[in-house]
Amino acid sequence: MNELKPRKALFNPELKRRGIYVLPNLFTTAALFAGFFAIVQAMQGDFERAAMAIFIAMVLDGLDGRVARLTHTQSAFGAEYDSLSDMVSFGAAPALVMYEWALRDMGRLGWIAAFIYCAGAALRLARFNTTLEVIDKRYFQGLPSPAAAALVAGLVWVMILADIPGGDVRWLACGLTVFAGITMISNIRYYSFKDINLRKSVPFFVIAAIALGFALVSYSPEITLFGFFVLYGLSGYVLALVGLIKRRRAA
C-alpha cells in the first residue's frame with residue numbers, strides 16, 4: 001500500500017529539483033493500467049478478471065514506493081502520479097465494478113452507493129496528501145483506499161466463484177460499498193504495519209503463521225484475501241471500541 005509514504009516529501013525542495021525516474025513510475029503505470037483494465041473488464045461483463053486486476057494493482061502500488069526508496073529515485077512527480085493512479089485503481093475502478101456487478105438494478109440507490117465509495121476514496125487520498133505531520137506512523141487515519149478496494153473487489157471475486165449472481169446479494173454489496181466509502185473518511189485508526197522489522201528475530205509461531213498463510217492463499221486465494229481485509233476493516237472499529245471502554249473505565 002503506497003499510502004505508507006509520507007506526503008511531507010512533496011514539499012521538499014530537494015525532491016522538486018529531481019527529474020522523472022523511469023523505474024518507480026513504471027510500477028505506478030502498471031498499477032494504473034490494472035485499474036483501467038478492471039473497468040474495461042467490468043464493462044464487458046468479466047467481473048472475475050476485473051476483481052483480480054484490482055488486487056494486482058494493489059501489489060504493484062505497494063512496489064513502486066519501495067522501489068523508489070531503495071533506488072533513491074523519489075520525486076514530487078512520482079508522488080503525485082501515484083496518487084492519481086490510486087484514484088483510478090482504488091477509487092473509480094472498484095466503484096464501477098461493484099455498480100456493474102450488483103448495484104445497477106437498484107436504480108438510484110445503486111449509483112449513490114457507488115458514488116459514496118468513489119467520493120470517499122477521493123477525499124481519503126486528498127486528506128492523506130495534505131497531512132504534513134503524522135503523530136503516530138503506526139496507524140492510518142481512516143481505512144486505506146487499497147484495503148477498501150480489496151473489500152469491494154474481494155466480495156465480487158468470492159461470490160462469482162461461488163456462482164452467486166450479484167443481484168442476489170445486492171443489499172450486501174450496497175452495504176459493504178457504503179461501509180468502505182464512509183470508513184475511508186472516518187477518524188478510525190488502522191494499524192499500518194510500518195513498525196514491522198523483517199531483520200529482527202521473531203518467535204517460532206510467527207514463522208508457522210506465515211507458512212499457514214501461504215497455504216491458505218494457495219488453497220483459496222479469493223476467500224483468504226477477502227477474509228483478511230474484512231478482518232482488517234473491522235479491526236479499526238474494534239480498536240476504537242477498546243479505547244472507548246478504557247477511557248470510560250479511567251474516568
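Computed from a prediction, not measured in an experiment: that's the story for all the values here.
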Joint cluster assignment, Leu103 & Val169, ILVMFWY side-chain distance < 4.5 Å
yes
List the atom pairs, with distances to 0.1 Å, where a side-chain N or O of residues 111-119 and a protein N or O form a donor-acceptor pair under 3.5 Å, not counting sequence neighbours.
from, atom 1, to, atom 2, distance (Å)
Tyr117, OH, Phe90, O, 2.8
Tyr117, OH, Ala149, N, 3.2

Tell me if a side-chain donor or acceptor on Arg104 pairs with a main-chain N or O of Gly110 at a distance below 3.5 Å.
no
May I ask you to decide if Ala31's main-chain N or O and Ser85's side chain share a donor-acceptor pair within less than 3.5 Å?
no
In terms of ring plane angle, is the pair Tyr232 and Phe228 parallel, tilted or perpendicular, where the classes change at 30° and 60°?
parallel
Does atom CZ of Phe36 have more than 12 heavy-atom neighbours from other groups under 6.0 Å away?
no
Quick check for you: to the nearest 0.5 Å, what is the distance between Phe47 atom CZ and Met52 atom CE?
15.5 Å
Testing the 3.5 Å rule here: is there a donor-acceptor pair between the side chains of Ser145 and Asp86?
no
Quick one about Thr183 and Tyr237 (side-chain donor to acceptor, distance below 3.5 Å, no hydrogens or angles considered), yes or no?
yes
Parallel, tilted or perpendicular: rings of Tyr191 and Tyr139 (30°, 60°):
perpendicular
Quick one, Met159 and Asp168 - any side-chain contact, counting heavy atoms below 4.5 Å?
no
Sub-4.5 Å side-chain heavy-atom contact between Asp64 and Asn25:
no
Kindly work out whether a path of hydrophobic side-chain contacts (I/L/V/M/F/W/Y, heavy atoms less than 4.5 Å apart) joins Tyr99 to Leu109.
yes
Within 6.0 angstrom of Phe33 CZ, more than 12 heavy atoms from elsewhere:
no
Do Trp157 and Phe37 share a hydrophobic cluster (ILVMFWY, side-chain heavy atoms under 4.5 Å, transitive)?
no
Please examine the side chains of Asp61 and Pro146, heavy atoms only from C-beta on, and report whether any two atoms are closer than 4.5 Å.
yes
Test log, rule side-chain contact (heavy atoms from CB on, under 4.5 Å), inputs Val156 and Met98:
CA-CA 7 Å; Val156 175; Met98 182 60 83; 3.9 Å; yes
Say whether, by atom type as modelled, one donor and one acceptor occur between the side chain of Tyr190 and the main chain of Gly142 under 3.5 angstrom.
no
In this structure, would Val238 and Leu176 fall into the same cluster of hydrophobic residues linked by side-chain contacts under 4.5 Å?
no
Distance-only, no hydrogens or angles: does the Arg124 side chain make a donor-acceptor pair with backbone N or O of Ala121 under 3.5 Å?
no
Are the side chains of Tyr81 and Leu32 in contact, using a 4.5 Å heavy-atom criterion?
yes
